[in-house]
Protein chains: 2
Amino acid sequence: MDKKITIYDLAEALNVSPATVSRALNNHPSISFNTKKRIVSYAQSSGYRINKFAANLSKQKSNTIGVIVPKLNSPFMSDALSGIEKVANEHNYNLIISQSLESEQKEKLNAKTLYDSGVDALMVSLAYETTNYEHFEIFREQKIPLLFFDRVDYFPNCPTILIDNRQAGFDATEHLIQQGCKNILHVSGYLKRNAYNNRFNGFKDALYKHKLKFTPYNLYETDLDPKKVEFVMEHIKNSKEKFDGIFFANDAMAVACIQALLKEGVQIPKDIKIIGFNNNPVSEIIQPNLSTINYPGYELGVLAGQSIISHLKGNINIQSAESILLKHELIVRTSSISNK
Amino acid sequence: MDKKITIYDLAEALNVSPATVSRALNNHPSISFNTKKRIVSYAQSSGYRINKFAANLSKQKSNTIGVIVPKLNSPFMSDALSGIEKVANEHNYNLIISQSLESEQKEKLNAKTLYDSGVDALMVSLAYETTNYEHFEIFREQKIPLLFFDRVDYFPNCPTILIDNRQAGFDATEHLIQQGCKNILHVSGYLKRNAYNNRFNGFKDALYKHKLKFTPYNLYETDLDPKKVEFVMEHIKNSKEKFDGIFFANDAMAVACIQALLKEGVQIPKDIKIIGFNNNPVSEIIQPNLSTINYPGYELGVLAGQSIISHLKGNINIQSAESILLKHELIVRTSSISNK
DNA sequence: CTGAAAGCGCTAACAA
DNA sequence: TTGTTAGCGCTTTCAG
């Protein structure tokens, strides 16, 4: 059982042609029930395993989906990947996952490798840095389905799956305003990534609607790495007019900042009301519990997986590049509630 | 540029043989510098891309590493995967990641698929359920490197990478004892998984060393799903002799339990001292901050990746199936400190 | 250093 | 329903 068995070996042993063996093993319609049974059962007992290299070469497809994410170890992203994997697995697709680590160059390299590896489809969540999208062109040229999720950009005929960030940003901000905030700071991710840009726009929309003024001081742009919380703190302390509310573009930074603020004796929500984004598990553990926007990573992954697989199976006509807006949800906890 | 270019096309265009093109593209030693240069540069300009299906078939290897984990969306596991991916990526290996979702059957299926997909190596963290290891035999037979990490079991000649769970369990427990605890509960994962079994043994070692008695009440076995915290709470409340310390086999459950205990008016660490396991980010956010054992997921991933790649590149002689014990570390925070 | 040619193992169009 | 026969595109001996 050490040498590998091929369909030729099976064919010889059973006195049929390799083609018949192949048909039997692939549930091809035109084969008699009996020979099929005979072949399949013999294949099993002999320990035959298909050689996918050969099958892939012959079919020019791999049953493999490539995924590129900025980093796979964030609660949101690992939830999304988990959802994608589950769906893919159920449909017998393998997942090749790679990280861009927020670098455009790595993203390009990964895209190239995945293309060369012959993935049947590619799912991408963009790196912070990426501004140029040439590396995805080849997928389009070769008609390999391409889907963007969470951190997306406009790409003709490519489905995107994410939430309505502008509306979510609006909802978060308006909530703070309704709690009485007049001078709100928005701590944003890099604005060139339009997930963040849209949250910021929603923020401005809400200020505008409620006739609150917006100055450059009301925005602080960062990579949202919680380790850099001190810079946010500095910005907060240096502002002439004290902020009475902060809307963070993610929970991790919000939590880090709450801890820093509490250490300085600031009272939350009394002095400053705070809302985050994502509904990261920590938001229910920090004291006070963090209000946030629920952005369901796992569900997003499942939907993204289903979408791409429908594509691959031809259940969706390609041109109707369907984009999906997931529902977000405002979750009000104590960090943002006025104490009346 | 729509039709795919093969080495035959290049060969024809340049008046050389396909073999020469192949050699040029693969840095084969026996080829003249000039023809190589000529071929490589033409290949570039013509937009040639290798067809890995064919290369894999011919070489019977794929530059792909398979990974099976219980679930990929836990902080620990996603850190580990991130480390593995980084190393793999640097060495031009692709990673196919799949989840067993704690099911032995799925694990078997995944192993089969990955084998059929022709992975060059397999890395596994075992599902809760798995008790039978036949599905890995084929890898051994075919001399495909196999490595277990975190949730491992004994498998002849297979490297394993993890921490010394017994010692870590001992350290955690002894710490509680040194803080004055006399009746300590251990909330364990499933004991058939020996990561947990060993933590439990370390727990007993410490009790024994310090002459504390151990009764079945001092152990509560669970799947560590924080949603099931109520059962743990029940156990705690039903115990005749009140516990004054709890050692949790993971932080997620510890945190859930702390929240439940606080809600009941229990004071931590005054009434009950608590220590967790993993150094999950939440441990620094919960009030009181959770003492724990640091189990560095990312570093583990990096080491595991390096180990398997050394194997693949033949830098390590196969039989010295080197196992690595990562250093763990006791992290003392407020949840376990006696108030003297 | 280069070329010819034989695979790698499977699939699929065409014939029978 | 089954068999024959070309590929799929690359690698690699073996000659030259």
Side-chain angles (χ1 to χ4, degrees), chain A residues 2-40 42-43 46-64 92 113 115-120 142 144, chain B residues 2-40 42-43 46-64 92 113 115-120 142 144:
Chain A
D2 202 39
K3 217 64 245 107
K4 296 218 184 142
I5 302 169
T6 75
I7 55 171
Y8 290 99
D9 301 325
L10 301 182
E12 197 176 357
L14 295 169
N15 263 310
V16 293
S17 74
T20 302
V21 176
S22 172
R23 284 191 273 256
L25 265 21
N26 290 292
N27 269 309
H28 190 99
S30 55
I31 188 173
S32 86
F33 180 75
N34 278 325
T35 44
K36 174 152 130 192
K37 207 172 92 177
R38 200 163 61 100
I39 293 173
V40 168
Y42 181 75
S46 69
Y48 166 81
R49 309 305 292 279
I50 193 179
N51 180 326
K52 282 209 187 160
F53 297 148
N56 291 347
L57 173 59
S58 178
K59 289 190 297 197
Q60 297 296 349
K61 68 173 296 250
S62 60
N63 261 260
T64 288
N92 293 312
T113 311
Y115 175 80
D116 286 342
S117 300
V119 296
D120 295 342
Q142 302 295 335
I144 297 170
Chain B
D2 203 36
K3 221 53 258 98
K4 295 218 187 141
I5 302 169
T6 73
I7 55 170
Y8 290 98
D9 301 325
L10 301 183
E12 197 176 359
L14 296 170
N15 263 310
V16 292
S17 74
T20 301
V21 175
S22 173
R23 284 192 270 258
L25 264 23
N26 290 292
N27 269 310
H28 190 97
S30 55
I31 189 173
S32 84
F33 181 74
N34 277 325
T35 43
K36 176 153 130 190
K37 207 174 94 177
R38 199 162 63 99
I39 294 172
V40 168
Y42 182 74
S46 70
Y48 165 81
R49 308 305 290 279
I50 194 179
N51 179 327
K52 284 211 187 161
F53 297 149
N56 291 346
L57 173 59
S58 180
K59 290 191 297 198
Q60 296 296 345
K61 69 174 296 250
S62 60
N63 261 260
T64 288
N92 292 311
T113 312
Y115 174 80
D116 286 342
S117 300
V119 296
D120 296 342
Q142 301 296 333
I144 297 170

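The basis for the numbers below is simple: all heavy atoms, side chains too, and nothing from hydrogens, waters or symmetry mates. Order of the sequence lines sets the chain letters (A, B, ...), proteins ahead of strands, with each chain counted from 1.
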Heavy atoms only, 4.0 Å cut-off, all strands: where does Ser30(A) land among base, sugar-phosphate and nothing? base
Supply the atom-to-atom distance Thr20(A) OG1 to Arg38(A) CZ, rounded to the nearest 0.5 angstrom. 9.5 Å
Protein-nucleotides 5-9 of chain C N/O pairs closer than 3.5 Å?
residue: dG7(C); atom: N2; partner: Ser58(B); partner atom: OG; Å: 3.4
residue: dC8(C); atom: O3'; partner: Gln60(B); partner atom: NE2; Å: 3.1
residue: dG9(C); atom: N2; partner: Ala54(A); partner atom: O; Å: 3.3

Please round to the nearest 0.5 Å and tell me the distance separating atom CG of Asn51(A) and atom CD1 of Ile7(A). 10.0 Å
To the nearest 0.5 Å, what is the distance between OG1 on Thr6(A) and NZ on Lys4(A)? 11.5 Å
Per the side-chain contact (heavy atoms from CB on, under 4.5 Å) rule, which among Val40(A), Val16(A), Ile5(A) passes with Leu10(A)? Ile5(A)
Rounded distance [0.5 Å steps], CD1 in Ile50(A) versus OG in Ser117(B): 10.0 Å
Can you tell me if CD on Gln60(A) sees more than 12 non-hydrogen neighbours from other groups inside 6.0 Å? yes
So that I can tick it off, tell me whether Lys52(B) and Asp116(A) are bridged by a salt bridge, with the cut-off set at under 4.0 angstrom between side-chain N and carboxylate O. no
Can you measure Glu12(A) atom CD to dT4(D) atom C1' for me and round it to whole angstrom units? 17 Å
Close approaches to DNA chain C from residues 20-29 of chain A, in residue order (heavy atom, under 4.0 Å): Ser22(A), Arg23(A), Asn26(A)
Between P on dC10(D) and NZ on Lys61(B), what's the gap in Å once rounded to a whole number? 17 Å
Report the distance from atom NZ of Lys36(A) to atom CG of Asn26(A), rounding to the nearest 0.5 Å. 10.0 Å
